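It should be emphasised that the depicted structure is a prediction, and the values quoted were computed from it without experimental measurement. Along the sequence shown, residues carry numbers from 1.
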Amino acid sequence: MFLALGSGVVYADVYDDIVTDLELNNPSLQSLKEENIAEISSIRIDGNLSSTEVEMEHVWSGRGSGERKWSIGVAQEFDFPGVYYARSRELKARSEAMELKYKASLTDLVIQARDLLIDIAYCNRAIKLELAIVDEMKRVSEFLERSYDNGESTKLEVNRSRIELANNMIKLRELKDRRQEDLRQLESMGCHVGNSEEIGYRIMPFRTLDEYRGKLENNMTMSYYRQLKKAEILGGKTRIREMYPGFKVGYVHEYEDGTSFDGFSVGLSLPLFSNRGKKALSKAMELKADWDEITARIELESMIDVEYDRVRSSKELMDLLGPVFYGTNHAELLGKAYRGGQMSVVDYLREITYFRESEWEFIELEMEFYKSLNRLESL
């Protein structure tokens, strides 16, 4: 079911455009991208072959015989053959995990940016309300001043109307400042939204609870932790194979007494001490990734339940109050009633305050409704 509950609800391309803006301009995402590249490069470097060894030996007799002999050798050390395959699988898994981490971070930033856009849409709705009230109260205040000049109203009534007008003008200024602060935050995130006064709420479907829970299977954060756990498991297998003996193969050329000799050398490296503790470390990292996945699932399931209940209860109230506030200018109706002599100035100021506060609560409820829906839809 799609929701289009009243004025200010629009199809806004800006909600989609910010995804591109974030990918191109967000500093933290750019930093994460370079960090991922550096980490993968570091893993590749660790898997490089060790340095090629070149040795040369030149000796001669100390008795003045002039006899000399020399030798030269080139050798290369290799890990156990299965290590290279294990490292390749681990590297691929970690690369995929890093990509998912980037996408999960992008999703989090998209939620934050869209929350700010929803807050701007709220400010636009609230500013429209305050402008209507300020315009009407200006007319009432001018009407009271003329009545006071004619001896038909009191100074207290004139002053009270001015105070109420000033209060609403202050609220209007606060709303404009709040909208400007939202825009500054979006700019710092790398998002450019154009004319903020045209931003309304984004139309989104309200799905069933089971549909939202089902989205966890493809959630980027959950996918990242699953892939990270896979990478840690493969990393553990790599560490085990690194404990197997390596070997060194070399070519040797020797010269002695006018005769040249060619041959080869073979050696083994026994990593009895260099890999101590790596197996335990790999197991700990695997368990950590497993617990991180469990924690993320619990947090996301809890968020879904809380936000879903909030959306459902908010929608019930909005269905009830929507016909009251959408398309009805209560300030204008009250102004007409007052100027038509149907209520006193005290009644007018009391009633306009009541309706303003009630509509304020309604549009705040509306804002929280769309923010909760945004978090559910962005899973």
Check: Are any of the side-chain nitrogens in Asp309 or Arg312 under 4.0 Å away from the carboxylate oxygens of its partner?
Finding: yes
Next item on the list: Please confirm whether the backbone N or O of Met137 pairs with a side-chain atom of Ser141, one donor and one acceptor, at under 3.5 Å?
Entry: no
Checklist line | Sub-4.5 Å side-chain heavy-atom contact between Arg178 and Asp182 | finding: yes
Item checked: Residue list, ring pair (Phe, Tyr, Trp, His ring centres under 6.0 Å) with Phe325, at least two apart or on another chain -> His330, Phe362
Margin query: Looking at Asn124 and Ser196, would you say the former's side chain and the latter's main chain have a donor-acceptor pair under 3.5 Å?
Written below: yes
Checklist line | Donor-acceptor contact below 3.5 Å, side chain Ser153 vs main chain Leu144 | finding: yes
Note to self: Quick one, Glu366 and Tyr201 - any side-chain contact, counting heavy atoms below 4.5 Å?
What the structure shows: yes
Note to self: In the structure I gave you, are the side-chain heavy atoms of Leu100 and Leu228 within less than 4.5 Å of one another anywhere?
What the structure shows: no
Next item on the list: Run the salt-bridge test on Arg139 and Glu136 with the 4.0 Å N-O cut-off and return the result as yes or no.
Entry: yes
Notebook entry, point to check: Less than 4.0 Å between a side-chain N and a carboxylate O, is that true for Glu293 and Arg297?
Noted result: no
Note to self: Checking the side chain of Lys103 only, and the main-chain atoms of Tyr224 only, is there a donor and an acceptor separated by less than 3.5 Å?
What the structure shows: no
Notebook entry, point to check: Tyr308 and Phe206: aromatic ring centres closer than 6.0 Å?
Noted result: yes
Check: Should we say atom NZ of Lys248 is surrounded by more than 12 heavy atoms from elsewhere, each under 6.0 Å from it?
Finding: no
Next item on the list: Show the numbers, then the answer: is there a side-chain hydrogen bond (donor to acceptor under 3.5 Å, both in side chains) between Arg226 and Ser223?
Entry: CA-CA 5 Å; Arg226 284 195 295 267; Ser223 297; 3.3 Å; yes
Check: Quick one: do Arg184 and Glu187 make a salt bridge, cutoff under 4.0 Å?
Finding: no
Notebook entry, point to check: Between Arg162 and Glu145, is the closest basic N to carboxylate O distance under 4.0 Å?
Noted result: yes
Next item on the list: Measure the CG-CZ distance between Leu91 and Arg87 for me, rounded to the nearest 0.5 Å.
Entry: 11.0 Å
Margin query: Quick one, Asn168 and Arg356 - any side-chain contact, counting heavy atoms below 4.5 Å?
Written below: yes
Next item on the list: Examine distances only and state if a side-chain atom of Thr295 and a backbone atom of Trp291 form a donor-acceptor pair shorter than 3.5 Å.
Entry: yes
Note to self: Tell me whether the count of non-hydrogen atoms from other residues, nucleotides or ligands lying under 6.0 Å of NZ in Lys230 goes above 12.
What the structure shows: no
Note to self: Using only atom types and a distance under 3.5 Å, with no angle test, would you say the side chain of Arg241 pairs donor to acceptor with the backbone of Gly82?
What the structure shows: yes
Notebook entry, point to check: Between Asp115 and Lys371, is there a salt bridge with N-O shorter than 4.0 Å?
Noted result: no
Next item on the list: Answer yes or no: does atom OH of Tyr354 have more than 12 heavy-atom neighbours from other residues, nucleotides or ligands under 6.0 Å?
Entry: no
Next item on the list: In plain terms, say whether Glu377 and Arg207 are close enough for a salt bridge, that is, a side-chain N and a carboxylate O under 4.0 Å apart.
Entry: yes
Margin query: Using a 3.5 Å distance criterion without hydrogens, assess whether the side chain of Ser88 forms a donor-acceptor pair with backbone atoms of Tyr84.
Written below: no
Notebook entry, point to check: Is the shortest heavy-atom distance from the side chain of Ile352 to the side chain of Val140 under 4.5 Å?
Noted result: no
Notebook entry, point to check: Is Asp262 reaching over with its side chain to a backbone N or O of His253, donor-acceptor style, under 3.5 angstrom?
Noted result: no
Note to self: I'd like to know if Lys176 pairs up with Glu130 as an ion pair, taking the criterion as any Lys NZ or Arg NE/NH1/NH2 lying under 4.0 Å from an Asp or Glu carboxylate oxygen.
What the structure shows: no
Next item on the list: Output, in order, the C-alpha distance, side-chain angles, deciding distance and verdict of side-chain hydrogen bond (donor to acceptor under 3.5 Å, both in side chains) for Ser372 and Glu307.
Entry: CA-CA 5 Å; Ser372 293; Glu307 299 295 356; 2.6 Å; yes
Next item on the list: Treating Ile, Leu, Val, Met, Phe, Trp and Tyr as nodes and any side-chain heavy-atom pair under 4.5 angstrom as an edge, say whether Val346 and Ile133 lie in one connected cluster.
Entry: yes
Checklist line | Within-4.5 Å side-chain heavy-atom neighbours: Leu183 and Gln180 | finding: yes
Next item on the list: Please check if the side chain of Ser161 supplies one atom and the backbone of Val158 the other of a donor-acceptor pair under 3.5 Å.
Entry: yes
Item checked: Side-chain heavy atoms of Tyr102 within contact of Lys33, under 4.5 Å -> yes
Margin query: Is the positively charged end of Lys315 above the ring of Phe369, judged by distance under 6.0 angstrom from the centroid and angle within 45° of the axis?
Written below: no
Next item on the list: Please check if the side chain of Asp292 supplies one atom and the backbone of Tyr225 the other of a donor-acceptor pair under 3.5 Å.
Entry: no
